[in-house]
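A quick write-up on the structure given underneath.
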Amino acid sequence: MTDARSLWIATAPRIPVDADLPADTEVAIAGGGLAGIAAGLALAERGHRVVVLEAERLGARTTGGSTGKLTLLQGTTFSRILRHAGDEVLRAYRTGNAAGRDWMRAHLEGMPGALARRDAVTYATTEDGERALREEADALAAAGVEVEQLGPGGVGLPFEVAAGLRLPDQDQLHPLLALAVLTAKLRRLRGVVVEGCRVRAAEPDGAGLRVSTDRGDIRADRLVLATGSPILDRGRMSSRLSVSREFAAAYRLPDAVRPPKAMYLSVDPVPRSLRSARGLDGEPVLVVTGDPFETGREDDTAARLAALDAWVRAVYPRAWRITWWAAQDYRTTSSLPHAAEVPGSRGRILAATGFAKWGMTNAAAAALALAGQVAGDEPQWSARLREHRGGLRDAAQAVSLNAAVAGHLVGGWAAPHTRAEGPAATVQRRAGAMVAESIVRGKRCAVSAVCTHLGGIVRWNSAEQTWDCPLHGSRFAPDGRVIEGPAVDDLAPRDPSAPDERG
Ligand SMILES: Cc1cc2nc3c(=O)[nH]c(=O)nc-3n(C[C@H](O)[C@H](O)[C@H](O)COP(=O)(O)OP(=O)(O)OC[C@H]3O[C@@H](n4cnc5c(N)ncnc54)[C@H](O)[C@@H]3O)c2cc1C
Ligand code: FES
């Protein structure tokens, strides 16, 4: 179960990048997922000097784990935004997303394997789901997106559904091949892209910044944080972001069964998404994602993956799983993406986050928004989204989000003396310190259980065999290496033989 590998990463060649970190640049971008590479390209297209600094390898995290649907049919997103922010903001969201989609299309059309035209379908199997579909259809109409209403027979899935909405002529991406095309274009415009280069800190330096990375320092006029949840944030932004993680898997089907042609997403209480793709040997496969959970707050993540698997096998008997993976994305309390200055940074640090699992359009929209802000000709839709001040509903959401975070902070520290996190892992108080200990493939590791972001106590993720923080979603390998989330520092090693508090 530990050999998780995204289908996209497994089926794309390594993206060529640059070997050396330059000493200075106009804009440094932390993060080489879609948001970072798109922001780099949008800025380079306007003549800016750009360096992208990626901690691991391009697309390693959420972009490499995405379902890759490039569409304006986004589950219940439009009705949620209408409820939170009203129809003017909703129209701005729609315009930005359409601009993002068109920008992606313009760059990717005709590039082998990167993009394929497909209808998008949202469907419901329950009464609650049907109600959500009706609300979404109304919100889409208010935003000027025309969808087709489908009855039970028109959805085209091999199981019973109650109703659906179809938006024709959308696209499905191979997210890594798409990222490779955008990266090559960025480098042709003299953008520099460096991997294995984690940003650890940024300090004011004259009118700009000195950005410290694992591969040395770089001076930049501006820094864009395109790291999923913004790193270097001490709570101001992360307190307004919730994080949702989800499993995905690719299945081979029996010869007589074809994967669905359209891209599907359910709006039922357990959302699931289906699409077709090419497998490890180029064969047609079904990709399914679903069963989301909050990072670091799930007792048994392996059970979530098993539930997804069981659902697929019930719908497609004799489906054979060839690979699985998981990824997470962030939602703001207003449900609107954030593509703007980091509060308090005097315009020197910008961030792109809060894509709420619709980053294929939203990351590109954020890139256009940030490039416009840097150049002083921000699109109107971007200014409208940026200026939106949340209402009571958003404030209530922020309060409940932070109450949950506080609950997990206190709960983690007050945990029983020894908390068994599963057969392979424990969190213990030892010699005054909280210690997370695991045994993975026979290797025993003991590390501090205290998240290096803001002090949450990590929990074991049984499916992925990682330590995950319940506060803002930072994740760490068994040996303490930071994997993702707002943390930039690893969990410190601890002596596994230290006596526990009672010793
Ligand atoms: C299961 C799932 C399915 C999805 N399906 C869809 C879909 O069908 N359609 C859609 O539109 N959206 C979808 N999304 C959302 C979309 O994939 C994301 O919104 C998008 O990929 C986010 O891109 P990003 O660049 O912000 O983040 P990422 O791809 O996570 O990129 C951030 C990068 O920053 C790097 N990084 C982190 N810290 C540092 C540091 N300190 N220094 C340097 N680099 C750092 C990371 O290694 C990573 O590569 C899905 C999301 C999930 C979780
Ligand atoms: S305390 Fe913020 S992610 Fe752990």
Side-chain angles (χ1 to χ4, degrees), residues 6 28-39 52-72 74-75 77 97 100-101 104 120 170 172-173 175 179 194-201 211 213-214 225-235 238-239 243-248 263 265 273 275 287 289-290 292 295-296 325-330 337 351-364 366-367 405 408-409 412 450-458 468-476 482-489:
S6 138
I29 298 175
L34 182 57
I37 293 295
V52 177
L53 312 161
E54 164 55 41
E56 298 183 36
R57 57 180 279 189
L58 299 183
R61 302 267 62 97
T62 308
T63 299
S66 179
T67 321
K69 300 171 179 169
L70 181 73
T71 176
L72 296 187
Q74 300 181 352
T77 301
N97 268 249
R101 182 198 56 191
M104 293 286 280
Q170 306 299 291
Q172 64 182 25
L173 303 177
L179 201 62
V194 186
E195 289 183 332
C197 187
R198 186 172 294 278
V199 172
R200 303 274 178 180
V211 180
T213 82
D214 286 351
L225 302 177
T227 51
S229 179
I231 53 161
L232 313 180
D233 171 66
R234 303 309 295 166
S238 40
S239 66
V243 51
S244 166
R245 194 160 181 85
E246 202 166 315
F247 285 108
M263 312 178 285
L265 174 65
S273 155
R275 62 164 283 188
V287 173
T289 57
T295 304
W325 64 97
Q328 67 193 34
D329 210 7
Y330 304 86
T353 186
F355 305 143
K357 299 202 181 154
W358 293 106
M360 297 296 111
T361 47
N362 271 305
V405 165
H408 282 281
L409 179 61
V450 184
C451 174
T452 54
H453 178 226
L454 293 174
I457 299 299
V458 294
D468 298 357
C469 180
L471 268 56
H472 315 105
S474 288
R475 300 181 57 246
F476 304 86
V482 63
I483 299 173
E484 66 185 308
V488 287
D489 293 318

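Numbering of ligands and ligand atoms starts at 1, following listing order.
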Please work out which of [options] has its closest non-hydrogen atom nearest to [atom].
atom                    : options                       : answer
atom 16 (C) of ligand 1 : Gly59, Gly359, Gly100, Gly228 : Gly359
atom 37 (C) of ligand 1 : Thr227, Thr213, Asp489        : Thr227
atom 3 (C) of ligand 1  : Leu225, Val243, Thr67         : Thr67

Worksheet entry | Any residue meeting side-chain contact (heavy atoms from CB on, under 4.5 Å) with Thr227, in chain and number order, not counting sequence neighbours | Ala30, Leu225, Ile231
Worksheet item: Sequence neighbours excluded, which residues qualify as side-chain contact (heavy atoms from CB on, under 4.5 Å) partners of Ser66?
Response: Pro175, Met360
Atoms of ligand 1, numbered as shown, that sit under 4.0 Å from any heavy atom of [X]:
X      : value
Leu53  : 43 (C), 44 (N)
Cys197 : 43 (C)
Ala327 : 53 (C)
Trp358 : 9 (N), 10 (C), 11 (O), 12 (N), 15 (C)
Met360 : 9 (N), 10 (C), 11 (O), 12 (N), 16 (C), 17 (O), 21 (O)

Item to complete: With heavy atoms only and a cut-off of under 4.0 Å, state how Met263 meets ligand 1: side chain, backbone, both or neither.
Response: neither
To which protein heavy atom is [atom] closest, and what is the distance rounded to 0.1 Å?
atom                    : answer
atom 44 (N) of ligand 1 : Ala55 N, 3.1 Å
atom 32 (C) of ligand 1 : Ala226 O, 3.3 Å
atom 29 (O) of ligand 1 : Thr63 OG1, 2.6 Å
atom 25 (O) of ligand 1 : Ala35 N, 2.9 Å
atom 1 (C) of ligand 1  : Glu246 CB, 3.7 Å
atom 2 (C) of ligand 1  : Gly65 O, 4.0 Å
atom 41 (N) of ligand 1 : Val199 O, 3.0 Å

Could you tell me if the side chain of [Y] sits less than 4.5 Å from the side chain of [X], heavy atoms only?
X      : Y      : result
Asp468 : Val458 : no
Lys357 : Pro292 : yes
Cys451 : Phe476 : yes
Thr452 : Val482 : no

Could you tell me whether some N/O pair between [X] and ligand 1 is separated by less than 3.5 angstrom?
X      : value
Ser66  : yes
Lys69  : yes
Phe355 : no

Fill in: side-chain hydrogen bond (donor to acceptor under 3.5 Å, both in side chains) partners for Thr295, two or more places apart
Gln328
Discussion item. Quick one: does any side-chain atom of Arg198 pair with a main-chain N or O of Val488 as donor and acceptor, under 3.5 Å?
Written reply: no
Worksheet item: Are any of the side-chain nitrogens in Arg475 or Glu484 under 4.0 Å away from the carboxylate oxygens of its partner?
Response: yes
Worksheet item: Do Thr361 and Gln74 have a side chain donor and acceptor closer than 3.5 Å?
Response: yes
Going by heavy atoms, is [X] under 4.0 Å from ligand 1?
X      : result
Lys357 : yes
Gly68  : yes
Ala363 : no

Response to the item:
In chain-and-number order, ligand 2 lies under 4.0 Å from a heavy atom of each of Cys451, His453, Leu454, Gly455, Gly456, Cys469, Leu471, His472, Gly473, Ser474, Pro486
